[in-house]
Trainee: 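One structure is given below, represented as structure tokens, and several questions about it will come after.
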Amino acid sequence: MKKFYITTAIDYANGAPHLGHAYEKILTDVIARHRRLKGEPVHFLTGLDEHGQKVQQTARARGIEPIELCDEADVAFRGLCERLSISNDDFIRTTEERHKKVVCSLLQQLYDEGQIYKADYTGYYSTRAEQFLQEKDKVNGEWPSGFGEVVEITESNYFFKLSQYQEWLIGHVQAHDEFIFPRFRQKQVLEFLKEPINDLCISRPRERLSWGIPLPFDEDYVTYVWFDALVNYISAVGYGEERFKECWPVDFHVIGKDILVPPHAVYWPIMLKACGIELPKSLLVHGWWLRSGEKMAKSTGNVVSPLDLIDQFGTDAFRYFVTREMNVGQDSDFSIELFLSRYNSDLANDLGNLVSRTLNMASRYAGSTVPAFAVEEEPEKELRALWKETRGAALECYDGIQFHLALDRIFTFIRGINRYAETRAPWKLAKSEDPEDRARLETALATMAEGVRLAVTLAAPVMPDLETRVRALLGCGETDTWEGELNWSETLVGKTLSAPVILFPRPTSE
Ligand code: MSP
């Protein structure tokens, strides 16, 4: 059976992970977990982009070998995945043999078929940045001083016949609305394709850049880093082997908007088409995390370290915040004030308090054993109806990649349980001698516990550790499927609840 195959972009190995990288992994993880809970087999890939100029330069500046820098990044990015509870099935590094082998086989195929040719290239080259510049790099008609001396040079290189596929690609994008999500990004791609595209220079002379995969047909050159990096999506799942069919075509390549055009929407589909490989089903393009309106990036130094926030507030809180705040496809501004406000109001107040009061009251009024539902009056009917509505709407939002709205619905339900508790006021019912009030009290305790179970189970793709923890507090085991788990049920009746805990402690003021 074909698996649901989902990938993230592979991160550059020359910098520390920041909120942008963390977000992309969480977004992809939410989708992967959602699919698994629905019962689909999933393959989730992430990894590192290790070759290229930047890595070579950074390593040189630090007086270490490029591979040492990559090994450090490997520890940092795998560590990040672990801290974020990312459920990836594989982690690929582009320096691995399994990857290099596939890059070489594609290059050789294209070369043998005459789709790669050698030609001279003349352009403006910055020795300081060690790169060719384009007219658009000029500011007010001048090369910015950061580029140092800019000289015109001519260099022999290998080119891939990208341009001959332009019309085909336009047709493909127009005929497949699902190819680019969200839809509004399709326009951007078609806009880009209105201008003639050039053939792609896929090599760099070795004397200029040695940190790369040598071209199989000319050892004096290494492969251009994008041609190398994109191939990770197929090399990791065994391109050329029988098992490739289990994953390919990929269901979603999750990427940021900065790498849609041209790499993922132009180079990649054309590379695949040229090699006779099926195209990705969909590119899922997310926006940026900004700081005061500017893209968060290593180069601007305005980055937020996800690890600091996780140390202070925990993985689930971090995952909740980024998923709740970001409307997939749009940009979102990060501020610690906003983070604290979500943490305090949604997590500590609404959810944390609900869990602790549920456990507290069960311990006080029922010896910590969940009683049976004894009555069904207006408050119970209302809450059950709210659950039904929540479940329907949230599942629809999950399917439509509207995770911020799914969470909005789930937290509306959580507030609904809190309101229910206020209405039922178990602390008052406990004082009454009337047996009907005792039945109401028992029902209220069972209802609150079941409400909590349902809410955390529905939020599991976003807060997996919280789900496991709260279900354990409620005395019900972990679950790896939603099958039968999202129905209002009596599964908790008779279960022993744990003593009250504080799930989201108030941050200590500094
Ligand atoms: N190595 C390339 C991708 C190759 S994929 C075959 C690359 N690396 S990156 O480290 O610069 O970015 C990795 C991912 O993080 C990209 O999808 C990028 O859009 C995303 N983000 C980097 N900064 C970001 C934000 N500030 N906000 C959200 N995501 C952004 O590009």
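All figures in this text were calculated on a predicted structure; none of them were measured in a lab. Both ligands and their constituent atoms are indexed starting at 1 by order of listing.
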Trainee: Return the closest protein heavy atom for atom 3 (C) of ligand 1 as residue, atom name and distance.
Mentor: I10 O, 3.2 Å

Trainee: In this structure, does ligand 1 have an atom that sits under 4.0 Å from one of the heavy atoms of Y233?
Mentor: yes

Trainee: Assess G287 for proximity to ligand 1: is some non-hydrogen atom of it under 4.0 Å away?
Mentor: yes

Trainee: Indicate, with yes or no, if the rings of F132 and Y121 have centres closer together than 6.0 Å.
Mentor: yes

Trainee: Any N/O of K257 closer than 3.5 Å to an N/O of ligand 1?
Mentor: no

Trainee: Which bit of Y23 is near ligand 1, meaning a heavy atom under 4.0 Å away: side chain, backbone, both or neither?
Mentor: neither

Trainee: Are I270 and L200 side-chain neighbours, meaning at least one heavy-atom pair lies under 4.5 Å?
Mentor: no

Trainee: Show me which atoms of ligand 1 lie under 4.0 Å from any heavy atom of D258.
Mentor: 18 (C), 19 (O)

Trainee: N/O to N/O below 3.5 Å, does that happen between A297 and ligand 1?
Mentor: no

Trainee: Examine the side chains of R185 and Q188 and answer whether a donor and an acceptor come within less than 3.5 Å of each other.
Mentor: yes

Trainee: Pick one of side chain, backbone, both or neither for how D11 approaches ligand 1, counting any non-hydrogen atom pair under 4.0 Å.
Mentor: both

Trainee: Under 4.0 Å from a heavy atom of D49: which atoms of ligand 1 are those, numbered in the order shown and with their elements?
Mentor: 1 (N), 2 (C), 4 (C)

Trainee: Should one rank H21, M296, R291, E50 by closest heavy-atom distance to atom 12 (O) of ligand 1, which comes out on top?
Mentor: H21

Trainee: Report yes if the distance between the aromatic ring centroids of F227 and Y158 is under 6.0 Å, otherwise no.
Mentor: no

Trainee: Can a salt bridge be assigned to the pair E241 and R98 using a cut-off of 4.0 Å between side-chain N and carboxylate O?
Mentor: no

Trainee: Distance to 0.1 Å, residue and atom name: give those for the protein heavy atom nearest to atom 9 (S) of ligand 1.
Mentor: Y12 CD1, 3.6 Å

Trainee: Among protein heavy atoms, which sits nearest to atom 17 (O) of ligand 1, and what does the distance come to when rounded to 0.1 Å?
Mentor: E24 OE1, 2.5 Å

Trainee: Counting from 1, what ligand 1 atoms have a heavy atom of W289 closer than 4.0 Å?
Mentor: 25 (C), 26 (N), 27 (N), 28 (C)

Trainee: Classify the side-chain pair W289/H18 by whether it contains a donor and acceptor separated by less than 3.5 Å.
Mentor: no

Trainee: Is the distance from the ring center of Y124 to that of W143 below 6.0 Å?
Mentor: yes

Trainee: With heavy atoms of G256 as the reference, note each atom of ligand 1 found under 4.0 Å away.
Mentor: 17 (O), 19 (O)

Trainee: Applying ring pair (Phe, Tyr, Trp, His ring centres under 6.0 Å), run through Y23 and F334 and close with a yes or a no.
Mentor: CA-CA 12 Å; Y23 170 69; F334 178 87; over 10 Å; no

Trainee: Could you list the atoms of ligand 1 found under 4.0 angstrom from a heavy atom of A229?
Mentor: 6 (C)

Trainee: Go through the steps to decide whether R33 and D29 satisfy the test salt bridge (charged side-chain N to carboxylate O under 4.0 Å, His left out), and finish with yes or no.
Mentor: CA-CA 6 Å; R33 286 180 185 273; D29 191 57; 2.7 Å; yes

Trainee: Does the separation of the ring centres of H34 and F403 fall below 6.0 angstrom?
Mentor: no

Trainee: Specify the protein heavy atom at minimum distance from atom 29 (N) of ligand 1: its residue, its atom name, and the distance to 0.1 Å.
Mentor: H286 CE1, 3.2 Å

Trainee: Relative to the heavy atoms of H18, which atoms of ligand 1 are at a distance of less than 4.0 Å?
Mentor: 22 (C), 23 (N), 24 (C)

